[in-house]
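Naming convention: chains lettered A, B, ... in sequence-line order (proteins, then strands); numbering from 1 in each chain.
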Amino acid sequence: MMDDLLAMTHADRTSGTAIDPAVLNQILDIGDATLKQALLSQLLDDFRRISDALDGESTRGVGAAAHELKGLAATIGAHRLANLALRLNVAADTVVSAELGDFSAPVRGEIRVVLNSLASFADGARS
Amino acid sequence: MSDAPDHSDTILLVEDTPSLQMIYAAALDRAGFKAEVCGTAAEGRDAFDRLRPSVVLLDLMLPDGTGLDVMRYMLGKAPQTCVIVITAHGSINKAVEMMRAGAHEFLVKPFDDQRLLAAIENARRSLSHAPQARTPAADATALDPFIGRSTSMKAIYDKIRSVARSMATVFITGESGTGKELAADAVHRLSARGHGPFIALNCGAIPVDLLESEVFGHLRGSFTGAISDKIGAAAAADGGTLFLDEICEMDLNLQTKLLRFLQTSTITPVGATKPRKIDVRIVCATNRHPLDEVRAGNFREDLYYRLHVVPIHMPPLRARGEDVNEIAERLLADMGQEEGHAFTGLDNEVKSLFRRLPWPGNVRQLINVLRNVVVLNDGPVVTVDMLPPELLAEDRREAPPGTETDPASAARPGQSPFAGRTLAEIERMVIEDTLQRHDGSVPKAARELDVAASTIYRKLETWAKRNAG
């Protein structure tokens, strides 16, 4: 089962775009430009914070971070990251700590992609 | 009176991810709600104690505890609170556990503003129908709409009082105009959920293609013409009673969905993918013989047994003896007042006539006759010459074959109830009377009459065919 989960994790890494712009634009349409900038800034902070939490030693902590990540990523249209986070969340409940890195590494990589994408959105919003 | 500010309209949002807090709070703000935002279980509990909001949006996982623990805390303090659980895909099992523990609904991330606001509106609507403490006055008035002291009606009142105490499904049978909806309403009003909603739906009056949406609701865009979300009768009755009249008219496909609803207590509106838990008592009714409908393949047998838990058979007016005159005089007084004509009662000839008429339209027909009399006459006493001629013609005819007949009431005073009847008619009268006394149970009636149950089934089938022909 774990091999399957890992195979799906690798497949997720190459599918689709980092963020669905239609979904993100809808989310960002929450108010005036200041509020939009504030939300983008908060999203960047949240993804960085979660990425840091994934470096932790505790399987439980990694599981909790993955749980938070899958909801946040899905909400902004980062479907690939949401799927990777879901698999990490499942893995955190089932594998030993030493094996968890196989699942968290691709998630951290994808978070970087999403952060870059969000930063571009933030730049675009400012200009 | 307390001067404390009223926070019942505040939505308490307990969500630990700051950007999601911002997104949800902005959606609530745009919709005109005041949101109190918390990021931890402890903050959520404190805010709940402080504000006592009626609707809470609660994340499943919080840094210092689970949403389940927070919800239990809140429902322990205020059981009427509507908790809407926010969860992510892959955590549905936990959300279902929350639903079982009393959550009102759950939203799976990602969800848009519209879904969020629909869930809140749904919760607020159910709060406005929420059951409250019952009063003894409600007990005293629940049976008031019924008029009549006949033995058969006293048995009905007893049965309504007994069944109201339980959650059992009630199946009411009887001819049109015998008061099936009144009985359903009385069961509801006497029950512990008597202050909850009583939603009546006539399955025979709604086009088949719209019935599913009427019962279970629909989401916007789920079919052509669905321009907005619609709450169905089942959800509207949450916390109360759903009365499904003319249940035998329900389409077979919808019967399957109704059965699933009864088995799981969840509904899935048309166009929705997620079920919603509903707490509803079902009371249904038909003017047909439900077992005949099962045998004819028009009604699912498994649904019949699921619904036919406590049967109540409403007797026809002609089987209620002196009730017809008691009802008539009460109605006459009310109608006379409405029309400005002072009627004081019925003369003896009219009373006697009313007692022997077959009243195929039951109380509904009686109301029409009296309205006719009151509008066209001044009173004070109703005499035979005031009655519509067609009613007098009815008196000259036999009760139509195949109509329910009560031997005791059909007889003229001093005559045997069987006088002038054929043996076949008497056999039918006796069998139907026995079935009525045993709430439609063929095996029990067969035991009393000392015949095989198959004999009664065969006869019922023959009579049904004859009626259909």
- Message: Is there a side chain to side chain contact (heavy atoms under 4.5 Å, CB included) between B/Val280 and B/Phe261? Walk through the geometry before answering.
- Response: CA-CA 10 Å; B/Val280 160; B/Phe261 168 47; 4.3 Å; yes
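- Residue pairs meeting the salt bridge (charged side-chain N to carboxylate O under 4.0 Å, His left out) criterion with at least one partner in residues 20-40 of chain A, sequence neighbours excluded, are absent.
- No other option in A/Thr75, A/Ile76, A/Asp46 has as many heavy-atom pairs under 4.5 Å with chain B as A/Asp46.
- Neither the backbone nor the side chain of A/Ala73 comes within contact range of chain B, judged by heavy atoms closer than 4.5 Å.
- Interface check for chain A: of the options B/Thr17, B/Asp113, B/Ile86, B/Asp29, the most heavy-atom pairs under 4.5 Å are formed by B/Thr17.
- The stretch residues 111-120 of chain A participates, sequence neighbours left out, in no salt bridge (charged side-chain N to carboxylate O under 4.0 Å, His left out) pair at all.
- When each of A/Leu28, A/Leu40, A/Leu39, A/Leu43 is scored by its heavy-atom pairs under 4.5 Å with chain B, the top score falls to A/Leu39.
- Heavy atoms from other residues, nucleotides or ligands lying under 6.0 Å from CD of B/Glu43 number more than 12.
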